*Asks:* 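Shown below is the structure under consideration.
Order of listing sets the numbers, starting from 1, for every ligand and every atom in it. All figures in this text were calculated on a predicted structure; none of them were measured in a lab.
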Amino acid sequence: MSSPRLYVVATPIGNLGDLSPRAQQILAEVDLIAAEDTRHSGKLLQHFNIKANLISVHDHNERQRASLIIDRLAAGESVALVSDAGTPIISDPGFVLVRAVKEAGFEVSPVPGCCAFVAALSASGMPSDRFSFIGFLPAKSGARVKALEALADRQETLIFYESTHRIVDSLKDMAQALGDQRRVCVARELTKTFETIHTDTLGAVIEWMLADANQQRGEFVVIVEGAAPVETLLTQDAIRVLELLAAELPPKKAAALAADITGANKKELYQHLIG
Ligand code: SAM
């Protein structure tokens with residue numbers, strides 16, 4: 001094992017066969033494992049016959065735990081951070097600890113593996129050239145709709161995490177804020193027995209889910225296609241004026257003047273110029 005460091009170790013999101021040999025080796029060799037829930041991770045370690053010293057690190061004790069872990073690193077020990085499932089830090093605790101350890105001058109090494117949203121995206125058939133990972137939406141519907149409305153014009157793929165308790169309500173709010181014709185992929189229980197990956201419009205997916213209560217159970221990644229690019233409403237005349245002005249002026253100025261002359265939208269004119 002290399003110099004004392006904090007390893008950020010990804011663990012399975014369902015199928016225990018997804019714990020990599022390297023992750024197993026590191027979990028077996030470190031002096032201490034910092035786990036979101038020691039009982040939960042204890043079971044994983046037991047399955048792999050790994051004996052380890054565990055301490056809990058969660059949202060409420062991360063700061064105190066960071067100083068304890070830095071002391072252990074300073075004493076020459078190595079530490080692994082795990083969460084209940086998938087990659088720590090991704091909608092999970094650990095950010096405060098990783099930052100503190102780095103600020104204290106110690107190395108942090110990732111031990112990559114499962115991450116629910118990456119797994120879902122890889123099998124979704126949704127555009128993946130540009131995407132935003134949003135994670136969990138607010139629990140209350142009003143705040144959720146507001147958050148979704150703020151995302152409505154985004155053209156990249158949008159990725160959300162959702163739980164069994166809120167999946168239907170969240171999909172309904174998405175249909176309200178984004179339109180029920182927007183395409184969505186719902187990835188449920190990935191790598192587990194009841195894995196289901198279903199793609200359709202928001203309206204159709206809600207109906208499909210309401211028709212079968214089993215489809216509302218488990219853990220979900222929701223992947224929503226981005227908004228369609230806005231069709232330009234510029235007339236040929238406006239474009240001609242714009243292009244004449246742009247031959248003499250910088251794009252911003254040309255767009256502003258063309259907007260004054262033709263009454264067309266300044267932003268659209270500018271977009272037309274910069275492509
Ligand atoms: N750190 C984890 C990761 O790397 O994906 C995510 C932790 S977050 C607290 C838990 C959420 O991840 C669940 O509510 C669900 O949205 C998603 N998730 C985790 N496991 C999943 C699975 N097997 N199938 C679908 N979604 C899953």
*Asks:* Which is it for A116 and ligand 1 at heavy atoms under 4.0 Å: side chain, backbone, both or neither?
*Replies:* both
*Asks:* Just to be sure I read this right, does ligand 1 sit under 4.0 Å from the backbone of F220, its side chain, both, or neither, counting only heavy atoms?
*Replies:* backbone
*Asks:* Any chance CZ of F48 has more than 12 other-residue heavy atoms, nucleotides or ligands included, within less than 6.0 Å?
*Replies:* yes
*Asks:* So is R188 polar-close to ligand 1, meaning N/O to N/O under 3.5 Å?
*Replies:* no
*Asks:* Any nitrogen or oxygen of K192 lying under 3.5 Å from a nitrogen or oxygen in ligand 1? Just yes or no.
*Replies:* no
*Asks:* When you compare ligand 1 with T191, is there at least one nitrogen or oxygen pair between them that comes in under 3.5 angstrom?
*Replies:* no
*Asks:* Between the side chain of Y7 and the main-chain N/O of V82, is any donor-acceptor distance below 3.5 Å?
*Replies:* no
*Asks:* Checking the side chain of H40 only, and the main-chain atoms of D84 only, is there a donor and an acceptor separated by less than 3.5 Å?
*Replies:* yes
*Asks:* Taking N or O atoms only and a 3.5 Å limit, does F117 qualify as a polar contact for ligand 1?
*Replies:* no
*Asks:* Going by the order shown, which atoms of ligand 1 are within less than 4.0 Å of some heavy atom of G86?
*Replies:* 3 (C), 4 (O)
*Asks:* Is A187 in polar range of ligand 1, meaning some N or O pair under 3.5 Å apart?
*Replies:* no
*Asks:* Using a heavy-atom cut-off of under 4.0 Å, does the side chain or the backbone of T87 touch ligand 1, or both, or neither?
*Replies:* both
*Asks:* Return the option from D92, V186, V82 holding the heavy atom at the smallest distance from atom 1 (N) of ligand 1.
*Replies:* D92
*Asks:* Any luck finding a side-chain donor-acceptor pair between T191 and N15 under 3.5 Å?
*Replies:* no
*Asks:* If you measure from the Lys or Arg side-chain nitrogens to the Asp or Glu carboxylate oxygens, is any gap between K192 and E219 under 4.0 Å?
*Replies:* yes
*Asks:* Any side-chain donor-acceptor pair under 3.5 Å between D173 and S141?
*Replies:* yes
*Asks:* I'd like to know whether ligand 1 has F160 as a neighbour, heavy-atom separation below 4.0 Å.
*Replies:* no
*Asks:* Does any donor atom in the side chain of R183 or T201 lie under 3.5 Å from an acceptor atom in the other side chain?
*Replies:* no
*Asks:* Mind checking whether G14 has an N or O less than 3.5 Å away from an N or O of ligand 1?
*Replies:* no
*Asks:* N/O to N/O below 3.5 Å, does that happen between P88 and ligand 1?
*Replies:* no
*Asks:* Below 3.5 angstrom, do we get any N/O pair linking A85 and ligand 1?
*Replies:* yes
*Asks:* Can you confirm, on distance only, whether ligand 1 has an N/O atom lying under 3.5 Å from any N/O atom belonging to S91?
*Replies:* no
*Asks:* Counting both backbone and side chain atoms, is some N or O of L190 under 3.5 Å from an N or O of ligand 1?
*Replies:* yes
*Asks:* For residues F133 and Y161, establish whether the separation of their ring centroids is below 6.0 Å.
*Replies:* yes
*Asks:* Answer whether the closest heavy-atom distance between the side chains of R130 and Q155 falls below 4.5 Å.
*Replies:* yes
*Asks:* Is there a side-chain contact between Q215 and R188, using heavy atoms and a 4.5 Å cut-off?
*Replies:* yes
